[in-house]
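Heads up: the structure comes next, in structure tokens.
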Amino acid sequence: MIKCGNMKNLAKNYDPRKVEKRIYSKWEKSGFFNPDVCLERKKTTPRAPYFSMVLPPPNVTGVLHIGHALGITTEDILTRFYRMKGRRTLWIPGTDHAAIATQSKVEALLEKQEKKNRHDLGRREFLKRVNRFAAESRSTILGQLKKMGASLDWSREAYTLDKERNKAVATAFKKLYDLGLIYRGVRIVNWDPKGQTTVSDDEVNHEETEGVLYTFYYEKGFPIPIATTRPETKLGDTAIAVNPKDGRYKKYIGKKFSVNFVGTPLIIKVVGDKAVNPSFGTGALGVTPAHSLADWGIAKRHNLETKQVINEYGKINENYPPFSGKKAKEARKEIVERLKKENLLLREEKIKQSIAKAERTGGIIEPLPKLQWFIDVDKEFSFPYSTLSFVKKGEKTTLKKLMSLSVKKGWISIVPKRFEKTYFHWIENLHDWCISRQIWFGHRIPVYYRKQKPQTEDHNQADNIHVGESPPEKEGWKQDPDTLDTWFSSGLWTFSTLGWPEKTKDLKNYHPTTVLATGYDILFFWVARMILMTTTLKGEIPFHCVYLHGIVRDEKGQKMSKSLGNALDPVNLAEKYGTDALRMSLIMGSAPGNDVKMSESKIKAQKHFANKIWNASRFVLSILPENKKELEKITSKNTPLLGKDSLSYKNFSKHVKEVSKDIENFRLYLAAEKLYHYFWHTFADVIIEESKQSIHEGREEERLSASRNLYLQLIEQLKLLHPFMPFLTEEIWAILPKSPGSEEFLLIEKWPQ
RNA sequence: GGACGGUUAGCUCAAUUGGCAGAGCAUCUCGCUUACAUCGAGAAGGUCGCAGGUUCGAGUCCUGCACCGUCCACCA
């Protein structure tokens, strides 16, 4: 029998609570999350390839949810893997101010706690409150990131609204403006009457509801019946559009009618437009340019007048008595009543209708023509860089083309590939991006206006608009009161975090970033915008690869949310089962782009796995001799592995290669599964069990060979498992005797070959 | 209207280039044996959504269908 005193002081069961905090602070103190320290301490070399990533900045609206935990785990696995591979590895942390989301959260709190709105406080005081809220959220979030074990370089932490990023935003705005890609103009926008602001197409959700399609004549004797779900907007009709091929109405095209519609005089021109579907409704469309994007397009094509009926509060404006001041819905009811009374209503039919709601406030979107700032995605401009192969310097291109070609030409790959199709499809349907918001929290638009003086009224706009970080020195300039869409600043994230617009070393060393890992739900919001911004402002791609993970759902497959009460809190779970178990359970069975169904039993299983690793390690520790010289025989390379052990180790080497390949190819779920399976069902169940005989009863060489095989395989499995289960593996690493040349921290240990 | 994904054991999901259908949880039986009862040994449980086709061989490739889900879309 060998003496086995080594494991006496180790608990029989692994208790993550006693380990995780201590280990994280050890890592932080070591400085190895920072590639500069790794370089200094020669853990990597200046000539090593880099691996860089940004953390998709969590919104400062509250706390991290389990979806974040999946993203963080995915990213941390990649980061730890490449760090161990010897790359110059940088993962940058940060948070997002999330303009509308944060502002509406604080507004709701204000309403609830003090029965006040933001105007009661005023812009300055209100912003103070929001910033205070954001700061609290930020520190909660940072704590949670650490709890998850994220090996982020905290020395480079960024915030979308901090000084550096503010400068980046203003610079970006000016540059895009100078390129002619940002313009101010009147267009139909998505107006949120509840939030009193515009929102972009992507911030609108469509819900299917039942609506009523009313078919009627404007007045008695009018030849063309029209159909609409919103009779109240018809007060603003300026035309009827019919399909030019429609025999029924051909003869009316070009004619003008004066009608009296429920007491309001209208001048209706009949136009032919091929956007009109002859088989829907009556085949004739009452054109309301101010309140429908489709009609706006028709009006543009036929030079029709725009008459606004509904105001910013969703009420009929002052021009339409007796309906003025009434809510759209009430006005609708009254108008329909009147049409009925006058015998003008032909039909009422129930139809399925999709209703647009603002994502954040739930307000029903009112399409309104408004003067706003836009990014023009179709405008041709000459590309100012010679850094991308698919567009030459000086060549005419558009933002849409840049976004599309970056992926099409293989500069950026999307994993899984099927999302590339979705991406292209989205770009094809893209309209100009409305970037101005009538909210207070965010980047104030870096534009200043001056009232035109009568004597200088020469239509020279440049005299009265100034685009830049600060106003010109002369008097009378007022900054635009609006703020920018939050995704404007997020779009700059890969390079604004590295110091742009300054020419920093970080930019040179770590951009383009290697991978962007994020949920597929923000492919359009964020990923596409980043590609847009980076190609245009830097002549670079933001990342070489986009890894899209799924959404975390509950056991029933429902999206987790606070309101449904099925949300799992990652910090609670980590506390209960250990972070490593939580991480493992999130990764296992989650193929790229696939949703993950989570349940506590899954996490529990991984807690058991952690315990298994702990105990197998205790066993290996128990067979290691205490005597230094004896121990060296096992830890050093000089002891040969005999037949069976040698074969077992060879097999293990295959496992190592497979796992490495899986991680390199983003098959993290497969790597995790293999690690689990090999450790439990090969290493513990078979190899350890079979070694027991050699160790207890074998000859000296057999004993040494078996012990060395166990020791080697354990050590190397700890390395393989480290990216997935960093705390447990680091803890065991600290306890096990090391081979010559090993690192103090598993964190920076070389990845097995 | 367009596109995408899913359908495999009671539940949650795997099966990387086509090669004997696998895990975890739950269930049943037995076992506290000197790493681990957060464990071990064993059992039961599957016409891989349906219908065709390609192939020596199909859960995997092709065609069609069904159901569930998701995203996109200016048919009022």
Side-chain angles (χ1 to χ4, degrees), chain A residues 1 4 7 10-15 188 201-202 206 211 213-215 226-230 233-234 240-241 275-288 291-298 351 353-354 356 367 416 418-419 421-426 428-431 520-521 523-524 550-551 553-559 577-578 581 585 588-591 593-623 658 661-662 665 667 669-674 676-677 680-681 684-685 688-689 692 696 710:
Chain A
M1 250 334 248
C4 48
M7 55 178 259
L10 292 181
K12 251 180 152 179
N13 297 324
Y14 173 64
D15 184 359
I188 295 261
D201 294 347
D202 300 305
H206 297 270
L213 185 69
Y214 302 93
T215 305
I226 57 164
T228 181
T229 52
R230 299 192 65 189
T233 63
K234 300 287 106 182
I240 279 181
V276 180
N277 176 356
S279 57
F280 186 88
T282 63
L285 164 68
V287 182
T288 321
H291 299 294
S292 151
L293 193 53
D295 295 11
W296 175 263
I298 294 172
I351 58 161
Q353 194 190 194
S354 85
R418 66 182 140 91
F419 280 96
K421 212 171 169 181
T422 322
Y423 175 78
F424 293 135
H425 183 250
W426 178 80
E428 277 162 32
N429 287 309
L430 192 60
H431 304 293
Y520 65 76
D521 51 330
L523 179 63
F524 310 134
I551 310 282
R553 295 170 183 280
D554 71 4
E555 291 146 292
K556 289 175 202 139
Q558 284 179 303
K559 223 171 171 172
Y577 300 101
S585 64
M588 261 174 87
S590 75
N594 284 6
D595 291 351
V596 192
K597 281 188 197 150
M598 261 318 261
S599 61
E600 288 208 35
S601 71
K602 247 174 124 175
I603 312 172
K604 211 169 143 192
Q606 294 305 321
K607 183 190 159 88
H608 295 176
F609 181 49
N611 198 52
K612 189 77 185 176
I613 298 173
W614 177 253
N615 276 297
S617 304
R618 277 175 73 228
F619 175 75
V620 173
L621 201 55
S622 78
I623 57 146
E658 271 180 48
K661 218 174 147 195
D662 283 337
N665 292 314
R667 296 188 296 252
Y669 69 110
L670 271 185
E673 228 150 79
K674 282 175 189 166
Y676 178 94
H677 204 268
W680 202 311
H681 300 297
D685 286 356
I688 287 185
E689 289 309 319
K692 279 180 180 169
H696 294 308
L710 291 184

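Protein chains get the first letters and strands the later ones, always in sequence-line order, with residue 1 at the start of each. On a predicted model such as this, the values are computed, not experimentally measured, just so you know. Only heavy atoms go into these numbers, but all of them, side chains included; no hydrogens, no water, no symmetry mates.
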For this session: Examine the base of B:A23 for any acceptor or donor lying under 3.5 Å from a partner atom in the side chain of A:Lys674, and report the outcome as yes or no.
Result: no

For this session: Could you pull out all residues at least two apart from A:Lys674 that satisfy salt bridge (charged side-chain N to carboxylate O under 4.0 Å, His left out)?
Result: A:Glu658, A:Asp662

Exercise. Under 3.5 Å, is there a donor-acceptor pair between the side chain of A:Asp595 and the main chain of A:Ile551?
Worked result: yes

Exercise. Can you tell me if NZ on A:Lys692 sees more than 12 non-hydrogen neighbours from other groups inside 6.0 Å?
Worked result: yes

Exercise. Reckon A:Arg418 touches a base, only the sugar-phosphate, or nothing at all at heavy-atom distances under 4.0 Å?
Worked result: sugar-phosphate

Exercise. Starting at the 5' end of RNA chain B, which residue's closest nucleotide do you reach first, A:Tyr669 or A:Asn429?
Worked result: A:Tyr669

Exercise. So what does A:Phe524 hit on the nucleic acid, given a heavy-atom distance under 4.0 Å: a base, only sugar-phosphate, or nothing?
Worked result: sugar-phosphate

Exercise. Looking across every strand, which nucleic acid part, if any, lies under 4.0 Å from A:His431 by heavy atom: base, sugar-phosphate, or nothing?
Worked result: base

For this session: Pick base, sugar-phosphate or nothing for A:Val620, based on heavy-atom distances below 4.0 Å to the nucleic acid.
Result: nothing

Exercise. If you measure from the C1' atom in B:C11 to the same atom in B:C72, how many Å do you get, rounded?
Worked result: 33 Å

Exercise. With distance as the sole criterion, is a donor-acceptor pair present between the side chains of A:Tyr676 and A:Gln606 under 3.5 Å?
Worked result: no

Problem set entry | Same-atom distance (P) from B:U33 to B:G40, integer angstrom | 15 Å

Problem set entry | Proximity to RNA chain B (any heavy atom under 4.0 Å), residues of residues 602-610 of chain A only | A:Ala605, A:Lys607, A:His608

Problem set entry | Residues that A:Asp201 engages under salt bridge (charged side-chain N to carboxylate O under 4.0 Å, His left out), provided they are two or more places apart | none

Problem set entry | Rounded distance in Å between the C1' positions of B:G1 and B:A76 | 15 Å

Exercise. Just checking, is any N or O donor in the side chain of A:Thr229 or A:Gln353 under 3.5 Å from an acceptor N or O on the other one?
Worked result: yes

Exercise. Any donor-acceptor pair under 3.5 Å between the side chain of A:Lys612 and the base of B:C36?
Worked result: yes

Problem set entry | Span that lies between the P atom of B:U55 and that of B:A14, in whole angstrom | 31 Å

Exercise. With a 4.0 Å cut-off on heavy atoms, is A:Asn594 in touch with a base, just the backbone sugar-phosphate, or nothing at all?
Worked result: sugar-phosphate

Exercise. In whole Å, what separates the P atom of B:U63 from that of B:G24?
Worked result: 36 Å

Exercise. Given the C1' atoms of B:U29 and B:C71, what is the spacing between them in whole Å?
Worked result: 49 Å

Exercise. Which stems does RNA chain B form, counting runs of 3 or more consecutive Watson-Crick or G-U wobble pairs with both distances under 3.5 Å?
Worked result: B:1-7 with B:66-72, B:10-13 with B:22-25, B:27-31 with B:39-43, B:49-53 with B:61-65

Exercise. Considering only the P atoms, how many Å lie between B:A9 and B:G49, rounded to the nearest integer?
Worked result: 8 Å

For this session: State which of B:A76, B:U16, B:C36 makes the closest approach to the side chain of A:Asp662.
Result: B:U16

Problem set entry | A:Asn594-A:Tyr520 side chain donor-acceptor pair, cut-off 3.5 Å | no

Problem set entry | Contacts of A:Glu428 that satisfy salt bridge (charged side-chain N to carboxylate O under 4.0 Å, His left out) - sequence neighbours left out | none

For this session: Please state whether the base of B:A3 and the side chain of A:Glu428 form at least one donor-acceptor pair under 3.5 Å?
Result: no

Problem set entry | salt bridge (charged side-chain N to carboxylate O under 4.0 Å, His left out) against A:Lys602, all qualifying residues, sequence neighbours excluded | none

For this session: Mind checking A:Ala684 for me? I need base, sugar-phosphate or nothing, with any heavy atom below 4.0 Å counting as a touch.
Result: base

